[in-house]
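Taking it in order: structure first as structure tokens, then the write-up.
From a predicted model like this one, the values you see are computed outputs, not experimental measurements. In what follows, chains carry the letters A, B, and so on, assigned in the order in which the sequence lines appear, proteins first and then strands, with residues in each chain numbered from 1.
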Amino acid sequence: MLFNSYGFIFGFLPLSLVGFYSLGRLGRKPAASWLVFSSFVFYGLWNPRYTFLLALSIGFNYLISLMIHANRQHHFLQRTYLTLGIFVDIGVLIYYKYLVDIIGFTYGLSVYDSPTPSITIPLGISFFTFTQIGYLVDVQQGVVADKSPLNYVLFVTFFPHLIAGPILHNREIMPQFSEKRTYRFSIENLTVGSVIFIIGLAKKCLLADPLSAQVSTGFAPSASLTLSAAWLLMFTYAIQIYFDFSGYTDMAIGIARMFNVRFPMNFNSPYKATSIIDFWQRWHMTLTRLLTLYLFNPLAISIARSHAARKLPISRSAQTSTNAFFMMTAFPLLITMSVAGIWHGAGIKFLIFGLLHGFYLTVNHGWRIFRSPRASKLGPLHRLSNWLLTISSILVALVFFRAPTMNSALATVSAMAGVHGLGNVVFRNLLLHGVSSIQLIFTQHGPAAATSGLKAIENAMQYFLTAFLWFIVLIMPNTQQIMHKYEPALGRINPCALQRMTWKPTIASAAALGAISAFAIMAVAGTTPFVYFQF
Amino acid sequence: MTDEEILDQLHSVFSFVFNYDGGPLTMSMTSEDIPAWDSMSNITLAIELEHHFGIKIKIAEMESLKNIQDLTSLVKSRQQLTTH
């Protein structure tokens, strides 16, 4: 079920809220059970068959967690159960998400002699698999305090995050499900949640969706783009995916808040980043956190431990030797970012996306390690050049994320390098299109002239729209900053310089939100699925 | 070990791991106050803390290595475990 559908907004959501708060009067357990039931319905409305898979996966992982906990005195047994759990989880994930592509690949090499079978990917499988692996690891490490089955099932299935995150950590969510006040109706939380939800809905329906047609045309096989057109395409796609995914996250955070639950922050104005390290601290933050905690840290620590055991120096100055830098920095980064890439889907494109970011991060960390840190603040010109380098690197990697095929990705990257000519410079284009389109409409006759005139106006509008949306993400406060007085999400929120942009419950803001939600809800009809649903 | 003793010991760990040569460490300091303290050098810090204090840091505790306050209490609680 989509958050941006009439069935959800006017049917499912109000019903589950009313049920939750009515049962909340009877106590914690009935309300929590109702929420689990609603979440399974939410999942089952999309594909009933896979609710069994979800239930099985939860049952299996919970059982493993009990076994791990029961054997805390037997280190070996504990590790065996953990390994078994992770092995089965990853196996299921590979079966549903990657097997078709792997078979397709071997079929192409004539290794396998029947055509590719069709398997639908269960929605959100990457999300609920990794959430649960994190839980198992934490149980094994002895840092999980809450082991109640009801809280566990609710933590995994709670429908606002079930399909596309934010990726929750048991430590921040399970305690909230134990608190009594979570089950008491709160008008403040309902209001704040609704405001965040409306902001997210507007981002998705009013800002992201209108760009999707233009982006699809740009990646069509027939498209042969000039340098400026290719960069415009990537600037447009970057803004589309940001408003799509951060809009989805806002909706998830808003819905959870309506149920008195606070989710972690997932986006913190990522395009304001002035380095790639900074970017990953701001973009899909809960995925970065997950991969850092459960992949990068264990990997890097075991390498560092083996260095230390062999009496090799591990201090910061020692890392400036090429060998130490490769082993302790580049290698774990490249592995982690490859997994981050493949996490999004099978195929060489996602691997390249991950490897590119692994390479960027390695260069960024290398820069920090090999040059002594400077305390002085950077000047505006320096910051601008850092930003430009960061954004262009992101846009190049994003080509491999979006392009339908490898050929299309390579074509777009070569277009960005200017293989098909520079094309009209944006401003000249604007002027030409703007003036000529008006001329065409007023001086010439016939439908063809009018069509080409309108087409030119449309082109010019697209430049304006993309520029306007970049202005929003670079200058304006983000959702958390707008809502910062009401603790919208877990994590530190930097207050925004534009104090006037923060939300207050006034008549004026209610009218503005009413208007925005009316437009957004009217736009729901022509909406597209979220980009992150495929992961 | 008292907080002051731990802070004092941490100073020498920090000068080794981060080339830190600033003034004495205080409880209110975080990774943002020390430019070289990032996710990457955090690994080195963890290993060095293990050596220096003779403790074992769990992967799940790595997240708490972001400010002096949490670091001090981690060292303290771990040392109590090993001495008893």
Quick check against the 3.5 Å criterion: does A:Gln141 have a side-chain atom that pairs as donor or acceptor with the backbone of B:Lys58?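 Pair absent, no side-chain N/O of A:Gln141 close to backbone of B:Lys58.
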Calculate, to the nearest 0.5 Å, the distance between atoms CD1 and NE2 belonging to B:Ile47 and A:His307 respectively.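 So the gap between those two atoms works out to 11.0 Å.
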A:Arg305 CZ to B:Ile43 CD1 distance, which is reported to the nearest 0.5 Å: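 Nearest 0.5 Å value for the CZ-CD1 distance: 9.5 Å.
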Under 6.0 Å from the OH atom of A:Tyr62, do we count more than 12 heavy atoms belonging to anything else shown?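 Buried by this count: over 12 neighbours within 6.0 Å.
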Does atom CD of A:Glu172 have more than 12 heavy-atom neighbours from other groups under 6.0 Å away?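 Check passes, neighbour count above 12.
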Where does A:Asn297 contact chain B at under 4.5 Å (heavy atoms): side chain, backbone, both or neither?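 Answer is both: backbone and side chain atoms of A:Asn297 are under 4.5 Å from chain B.
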With only heavy atoms counted, which part of A:Ile303 is less than 4.5 Å from chain B, the side chain, the backbone, both or neither?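 Contact with chain B involves no heavy atom of A:Ile303 at all.
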Which atoms of B:Leu45 are under 4.5 Å from chain A, going by heavy atoms: the side chain, the backbone, both sets, or neither?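 Neither part.
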Go through it in stages, so that I can follow the logic: the residues are B:Ile59 and A:Tyr294, the test is side-chain contact (heavy atoms from CB on, under 4.5 Å), and I'd like the CA-CA distance, side-chain angles, deciding distance and then a yes or no. CA-CA 8 Å; B:Ile59 300 289; A:Tyr294 300 112; 5.7 Å; no
Can you name the closest pair of heavy atoms from A:Ile301 and B:Ala46 and give their distance?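 Minimum heavy-atom separation between A:Ile301 and B:Ala46: CD1-CB, 4.3 Å.
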